[in-house]
Asks: 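Pasting in a structure now, in structure tokens, and then I'll have a few things to ask.
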Number of protein chains: 2
Amino acid sequence: MTDGGLRERKRTAAMYRIQTEALDLFEQRGFDDVTVEEIAEASDVSPSSIYRYFGTKEELVLWDEFDPGMGPLLAAALSDAVPLDGIRQVMTDGIDGMSAADEQRLIRRLRLAALSPSLAQAAVARSYAFAEMVEQVLAQQLGRPVDDLEVQVFSHALLGGLLGMFHHWQGTDFAEPLAGVLKRTFTIFEEGLDIVSARVPEPVVEN
Amino acid sequence: MTDGGLRERKRTAAMYRIQTEALDLFEQRGFDDVTVEEIAEASDVSPSSIYRYFGTKEELVLWDEFDPGMGPLLAAALSDAVPLDGIRQVMTDGIDGMSAADEQRLIRRLRLAALSPSLAQAAVARSYAFAEMVEQVLAQQLGRPVDDLEVQVFSHALLGGLLGMFHHWQGTDFAEPLAGVLKRTFTIFEEGLDIVSARVPEPVVEN
DNA sequence: TGTCAACTGACAGTCGGTGTCAACCTGCGG
DNA sequence: CCGCAGGTTGACACCGACTGTCAGTTGACA
């Protein structure tokens, strides 16, 4: 699922090591109060290399070793299944394949992302790119133009919903296992997002 | 709907004027190739003032004179209607109240946002904040905790869908009036986002 | 081993963004 | 008309993220 050559593996290993140092420093002193130079020093590489690896300071937190494989995987899943099911399958598999350490690291990264505005912003923008992938595959799948309104609304709403799921997970302090939350989220999707009809009939209590 | 005192109005007027200069420059030479200092010079203010007004360079494009009023408006609309209807009402009213010049300016800003990565990122993050407003009001409305999964998924999916709508509008070069696109978007919402069942039965053509 | 491409570190420079301080306007009481 | 207080502005200095370049090194591969 991961590597190509040895170079690639070494690169990934280096990035993982640098990210580990960075997460430690960020947790100790806050994202904004740690400079890239300090991380470089702690990781025994030059600042230049950090930028070559990650591109931006934010990516030091957001980068995920498993990300690169996601694209093709998603495309494949969407090509031979009902869209929603395909995406559910990919995500479920991904979560099931995560070790406890992986999940712990994910939680650390999410916690950090929630604490720093610039990180939160980058995180949202990053997952937005995900929606654009779904767009493309879905449009082709349905034989519609990529700019089709329904395709756009569906793709982005789906992605938004998943963001909401992570928001909930974070808000409840990661109490429930992610797999369970994901399952409930897709149930909500399947029921058609009809929170509207679930509105309580009683009048609102004054603030 | 807008001002408070005279100070506030002067400030808004100055921001509008600076934004106009900035939009011109950005369109001529691209967002990244114009410095804040140049905008300051063109607008006859100091760079310091621009940062005091807008905070960031991105906000020079994203700022909207009507934004400040949106919060209370939305809260009110959500408090006494079915959530989806309330939001639809606010947005429909907002669009109906826009002059042709306002819409033209909006289009200019959207065009710019699509051309520069940093702008696009900031724009997405900005609209994300909108979802958090919906979250709060909706949770209170339904008598559920803000971190309720369904509330989170609904709010963010809704916001995502609206983002998708703008994406479509942009992709079709703003051909259809925004009011029409909005109406169709909410129709999609009401039908429960069931693009799943609309899947074409034929097998996919090989790429 | 030799060659070539990819990678790395060092360095200088640009620019976005923040904090500080002095000058200035604006309205108010004497 | 004169000070005076609060908010607003401009000038300046500073930090740090990020880019481009260049020379030196390392690794892949014949």
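Numbers restart at 1 for each chain; the letters A, B, ... are given by sequence-line order, proteins then strands. Predicted model only: the values in this text are computed from it and were never measured. Both backbone and side-chain heavy atoms feed into the values below; hydrogens, waters and symmetry mates do not.
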Asks: When you match A:Gly55 and B:Ser49 each to their closest nucleotide on DNA chain D, which lands nearer the 5' end?
Replies: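 Looking at DNA chain D, the more 5' nearest nucleotide goes with B:Ser49.
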Asks: Side-chain N or O of A:Tyr53 less than 4.0 angstrom from OP1 or OP2 on C:dC7?
Replies: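 So the side-chain polar atoms of A:Tyr53 never come under 4.0 Å of the phosphate oxygens OP1 or OP2 of C:dC7.
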Asks: Can you tell me whether the side chain of A:Ser48 and the base of C:dA10 have a donor-acceptor pair closer than 3.5 Å?
Replies: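 Answer is yes: a donor-acceptor pair is held.
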Asks: Given C:dG17, C:dC15, D:dC18, identify the nucleotide with an atom nearest to the side chain of B:Thr56.
Replies: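 Within the option list, the nearest is C:dG17.
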Asks: Please report the distance, rounded to the nearest Å, between CG in B:Leu25 and C1' in C:dC15.
Replies: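 In whole Å, C:dC15 C1' and B:Leu25 CG are 16 Å from each other.
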Asks: Output one line per pair: protein atom, nucleotide atom from nucleotides 25-30 of chain D, and distance, for all N/O pairs under 3.5 Å.
Replies:
from, atom 1, to, atom 2, distance (Å)
D:dG27, O4', A:Arg7, NH2, 3.3

Asks: Send over the distance from A:Met15 CE to C:dT8 P, rounded to a whole Å.
Replies: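 From A:Met15 CE to C:dT8 P: 11 Å.
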Asks: Rounding to a whole Å, what distance do you find between B:Asp32:CG and D:dG20:C1'?
Replies: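 Rounded to the whole Å, the gap is 16 Å.
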Asks: Side chains of A:Gln89 and A:Asp93: donor-acceptor distance under 3.5 Å anywhere?
Replies: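 A donor-acceptor contact under 3.5 Å links the two side chains.
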Asks: Between atom OH in B:Tyr51 and atom C1' in D:dC12, what is the gap in whole Å?
Replies: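 So the two atoms are 15 Å apart, to the nearest Å.
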Asks: Starting at atom CD1 of A:Ile50, determine the distance to atom P of D:dT19, rounded to an integer number of angstrom.
Replies: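 The distance from CD1 of A:Ile50 to P of D:dT19 comes to 14 Å, rounded to the nearest Å.
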Asks: Can you measure B:Asp44 atom CG to D:dT8 atom C1' for me and round it to whole angstrom units?
Replies: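 Whole-Å distance recorded here is 16 Å.
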Asks: Within a 6.0 Å radius of atom CD on B:Glu27, are there more than 12 heavy atoms belonging to other residues, nucleotides or ligands?
Replies: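 Above 12, so yes.
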Asks: Output yes when a side-chain donor or acceptor of A:Glu135 lies under 3.5 Å from a complementary backbone atom of A:Val146, and no otherwise.
Replies: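 Looks like no, no N/O pair under 3.5 Å.
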Asks: Check A:Asp85 with A:Arg88, please: is the shortest side-chain N to carboxylate O separation under 4.0 Å?
Replies: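 The answer is yes: the pair qualifies as a salt bridge.
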Asks: Quick test of your reading of the model: are B:Asp67 and B:Arg126 salt-bridged, counting only N-O distances below 4.0 Å?
Replies: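 Judged by the 4.0 Å cut-off on N to carboxylate O distance, B:Asp67 and B:Arg126 do form a salt bridge.
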Asks: Could you check how far CG of B:Leu60 sits from P of C:dG17, rounded to whole Å?
Replies: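 Distance, rounded to whole Å: 9 Å.
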Asks: Find the distance B:Arg29:CZ to C:dC15:P and express it as a whole number of Å.
Replies: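 Those two atoms, CZ and P, are 10 Å apart.
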Asks: To the nearest 0.5 Å, tell me how far A:Asp32 CG sits from A:Lys57 NZ.
Replies: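 Answer rounded to 0.5 Å: 5.5 Å.
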Asks: Should the pair B:Glu176-B:Arg184 be classified as a salt bridge under the 4.0 Å nitrogen-to-oxygen rule?
Replies: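 Yes, charged N to carboxylate O under 4.0 Å.
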Asks: Name the nucleic acid region contacted by A:Phe54, choosing base, sugar-phosphate or nothing; use a 4.0 angstrom heavy-atom cut-off, strictly under.
Replies: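 A:Phe54: no heavy atom of the nucleic acid under 4.0 Å.
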Asks: Specify the residue among B:Lys57 and B:Arg52 whose closest nucleotide of DNA chain C lies further upstream toward the 5′ end.
Replies: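 So the residue in question is B:Lys57.
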Asks: With a 3.5 Å limit on both atom pairs, tell me what D:dA30 is paired to, counting Watson-Crick and G-U wobble, or say none.
Replies: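 Here D:dA30 is engaged in a pair, and the nucleotide opposite it is C:dT1.
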